[in-house]
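Worksheet: the structure to be examined is printed underneath.
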Amino acid sequence: MNRYVDKWAYALEGSLAASGSVLPVPFGAMERLDGPVGSAYALTLAPDQNVLNTAPIEIVLATVTAPGAFAITRGAYGTTARDWDAGAVIYAVLLAEQLNSFEARFADMEARLQALEGGGVGENTLTSESGEALTDPNNEPLTTGA
């Protein structure tokens, strides 16, 4: 489950090798990512704070494994794990891929809602084995009475 955090941005306090699995961030930074076990935060590594810089970035997933403990996945979302110098920045932002996923999930839910509103079977409606609504002689749906 993706989680998000406001105003999470830090400079790396030490270098981070491409094979590194511990983020060299200030004390207390990771504790701000306090979601339940299984929560994943997408964090962006960049050489500096200049948003116009076209240098490669890296997306890191920090997944909560226990309160205060994280598994780090390097090179997420099609990026490449690389070496980072002390002073590089790491920050949490909403990614385009995450927004696209939200949009697709919302479109799916909207389509299902329209199907229900357009004559789909209601929650307490009795159905045949094929899933069709059972109706009375007035063509009103039969329900469980709930």
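Only heavy atoms go into these numbers, but all of them, side chains included; no hydrogens, no water, no symmetry mates.
Side-chain atoms of I59 and L43, non-hydrogen and from C-beta on, never get closer than 4.5 Å to each other. Side-chain contact between V37 and T65 is absent, with no heavy atoms from C-beta onward closer than 4.5 Å. Within the 4.5 Å cutoff, no side-chain heavy atoms of V89 are placed close to those of L45. At a threshold of 4.5 Å between non-hydrogen side-chain atoms, the residues V5 and D34 do not count as touching.
To the nearest 0.5 Å, the span separating OG1 on T63 from OH on Y41 amounts to 10.5 Å. For the atom pair OG1 of T144 and CG of N124, the computed distance is 4.0 Å after rounding to the nearest 0.5 Å.
For A9, the side-chain contact (heavy atoms from CB on, under 4.5 Å) test picks out Y91, with sequence neighbours left out. The side-chain contact (heavy atoms from CB on, under 4.5 Å) check on A55 picks up P47, N53, with sequence neighbours excluded. With sequence neighbours excluded, the residues forming a side-chain contact (heavy atoms from CB on, under 4.5 Å) with N138 are D136, E140, listed by chain and number. In this structure S128 satisfies the side-chain contact (heavy atoms from CB on, under 4.5 Å) test together with S130, E132, L134, sequence neighbours excluded.
Annotation for P36 and S39: closest pair O-OG, 2.7 Å, computed over non-hydrogen atoms. The shortest non-hydrogen separation linking A11 to G87 is CB-O, 4.1 Å. The nearest pair of heavy atoms linking A18 to A81 is O-CB, 3.6 Å. Taking every heavy atom of both residues into account, D48 and N50 meet most closely at OD1-N, 2.9 Å.
L61 and V64 are members of different hydrophobic clusters when ILVMFWY side chains are connected at heavy-atom separations under 4.5 Å.
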Checking side-chain contact (heavy atoms from CB on, under 4.5 Å) for the pair R3/L33: CA distance, chi angles, key distance, verdict?
CA-CA 8 Å; R3 299 279 297 189; L33 308 179; over 6 Å; no
Intermediate values then yes/no, side-chain contact (heavy atoms from CB on, under 4.5 Å), V22 and I72
CA-CA 7 Å; V22 176; I72 304 300; over 6 Å; no
Determine, step by step, whether L142 and T125 satisfy the side-chain contact (heavy atoms from CB on, under 4.5 Å) criterion, reporting the C-alpha distance in whole Å, the side-chain angles of both residues, the deciding distance to 0.1 Å, and the verdict.
CA-CA 6 Å; L142 298 175; T125 302; over 6 Å; no
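A donor-acceptor contact shorter than 3.5 Å is absent between the side chain of W8 and the backbone of I90.
Evaluation of the side-chain hydrogen bond (donor to acceptor under 3.5 Å, both in side chains) test over residues 9-25, restricted to residues two or more places apart or in two chains, returns Y10-R32. Counting only residues at least two apart or on different chains, the side-chain hydrogen bond (donor to acceptor under 3.5 Å, both in side chains) pairs with a member in residues 68-84 are E58-R74, E58-W84.
Other residues, nucleotides and ligands contribute only 12 or fewer heavy atoms inside 6.0 Å of the CD atom of E103.
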